[in-house]
Protein chains: 2
Amino acid sequence: MARIVSSKNTTKKEVIIKKAAILFRKKGFAASSMRELAESIGVEASSLYNHIGSKIELLQSICFKVANDFTIHLNEIENTTSPVVSKLENIIRFHINMMLNNYDEVFVANHEWKQLEEPFLSNFLNQRKIYESRLIELVNQGILKKEFKNIHPQVAVLTILSAVRGLEFWHRHKKNVKIKELESNILDHLLNGLIRK
Amino acid sequence: MARIVSSKNTTKKEVIIKKAAILFRKKGFAASSMRELAESIGVEASSLYNHIGSKIELLQSICFKVANDFTIHLNEIENTTSPVVSKLENIIRFHINMMLNNYDEVFVANHEWKQLEEPFLSNFLNQRKIYESRLIELVNQGILKKEFKNIHPQVAVLTILSAVRGLEFWHRHKKNVKIKELESNILDHLLNGLIRK
DNA sequence: GAATTAAACTAATAAGCGTTAGTTTTGTAA
DNA sequence: TTACAAAACTAACGCTTATTAGTTTAATTC
C-alpha cells in the first residue's frame, strides 16, 4: 500500500496535478486514463479520488493555472512606464521562460483546452481572447509612438505568440542549442522585423 | 437507409476521410468516436467499415497525405535555381495556403500525429525531421550566400514554421483580415528580420 | 496503547468504445 | 425481371472507461 509521496510544500493534490500534466502532455487528455495516471504515481486509480474530484477537474486546474500566470504577468507589465518595445520584449521573454520552466502545463493548456467542458471552456477562451486583445493594444501603442513599423497589430501578435509557442519543439533539440542563445535568437528574429530602423 | 453521397471525382472513402478530418480537428482523435463520425455522414457506424479498415487508418491517411504534400512541394522547390530568399518565400507561401485550403487536415496532422501507432509514428516523425533538416540547409545556404543575416538556422526555421502554424488561429478571425494581406504581413514580419539590409 | 482520521485497497457499476458477423436493402447490368 | 454486387442495416462482442461504495490499512493524536 504505497502512499503518494509529497514533501512539505506540496500537497498530494499538487503531486497528482503535476503527474497529470506530464501524462496529458505525452498522450493527450482523452487518451490518458486514470489508471495510467495512478500507475505513474504508484497507487490504484480509485485512490486518486481521495484527493481530487474528477479527471476533468485536473485539466481545469492545469489550464487555468497557466492562463492566470500569463494574465498576472501582463497586469504587472502594464503598470510600468517602460517603452512599448521593452514591454513587449519582457512579455516575449516571459512566454519563453514559461514554456521552458512549465513545459508540461503550458503544453497541456495550449493543446488540450478543447476538452474542457462548459462553462470552463467559454471562460478559458474568453480569458485568452482578452489577453490577446491587450497585446494587440500594446503593439498598437508601439505603432502610434513610432516604435514599430506600420504593420497589422493583430497579425503581429499572433505571429509572435505562435513563434514563441514553437518552443515546444525545443524539448526535442534541447542539447543542441543553449537556452539563452535560443531566447535572444527568437527575440531578434521577431523584433528586428518589427522595430523601426 | 441513407447512402454516403459521393460525386464522380471522390470515392466514398475520401468522403469519410474528409469528414474524419473535420471531426478530429474539432474534438481530437481520441475524443472522436466512430459513431459520431458515422452520424456526421448520415449512416450507422458499422457501415463505415465497408469502405475503410479502421479508425486509426483514417488518422494515418490524413497525416501522411499532408506530410507528402509538403515533401513533394519541397522537392519541386529544390529543383529550381532561384535565389534562396525566393525559395524560402515560396515555401512560406505554400505553408500559408496549405493551412488556409486544407485547414482540417493540416490541423490534424499537426496536433494528432501523436496518436499514430508504430511503425507509422516513427515514419511520420522521421519524415518531418527530414523536411526540417532540408529547410535548415536551405537557410544555411542563404547565410553562406549573404542573403540572410548570420542567425542560427535551426532557430530561424522553427520560428518560421511555428509562426506559419499560427494561421490555425485565423479561422477564428477570418472576417477581419483579408487573406492576401495576411499572407504578406506574415511574410514581411518573418523575412525582414532575416534578410540582410 | 486506544481512538481517530487519512488514505489506501478491492470490487463493482453503467456507459461507451471499436469492431465483427450476419442479414437486408439498394443500385446496376444482363 | 432476374442475378449480382455494393453498401446499408441490426445486434452483439469483448474491452476499457471514469467513478462509486464499502472495507481495510496506515499514520496521527490523545
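- Residues A:Ser32 and A:Glu36 have side chains that never bring a donor and an acceptor to within less than 3.5 angstrom of each other.
- Within the 4.0 Å cut-off from OP1 or OP2 of C:dC9, at least one side-chain nitrogen or oxygen of A:Ser47 is found.
- Distance B:His51 NE2 to D:dA5 C1': 13 Å, rounded to the nearest Å.
- By the 30° and 60° cut-offs, the orientation of the rings of B:Trp113 relative to B:Phe124 is parallel.
- At a cut-off of 3.5 Å, with distance as the only test, no side-chain donor of A:Arg128 or A:Asn110 sits close to an acceptor on the other residue.
- Ring centroid separation for the pair A:Phe107 and A:Phe24 does not come in under the 6.0 Å cut-off.
- Between A:Leu58 atom CG and D:dA18 atom P the separation is 11 Å, expressed in whole Å.
- Residue A:Glu39 contributes atom CD, which lies 14 Å from atom P of D:dT16 at whole-angstrom precision.
- Under the 4.5 Å side-chain heavy-atom criterion for Ile, Leu, Val, Met, Phe, Trp and Tyr, A:Phe169 and A:Ile96 are members of the same hydrophobic cluster.
- Residues A:Phe148 and A:Asn140 are not in side-chain contact: their nearest non-hydrogen atoms beyond the backbone lie 4.5 Å or more apart.
- By the 30° and 60° cut-offs, the orientation of the rings of B:Phe70 relative to B:Phe94 is perpendicular.
- B:Ile41 has its CD1 atom 13 Å from the C1' atom of D:dA8, to the nearest Å.
- Rounded to a whole Å, the CD1 atom of A:Ile52 is 16 Å from the C1' atom of C:dA6.
- Side-chain contact annotation: B:Asn123 with B:Glu118, donor-acceptor N/O pair under 3.5 Å absent.
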Under a 4.0 Å heavy-atom criterion, the protein footprint on nucleotides 15-22 of chain C, written with B, S and -, is --BBBB--
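- DNA chain D lies under 4.0 Å from no heavy atom of any residue of residues 18-25 of chain B.
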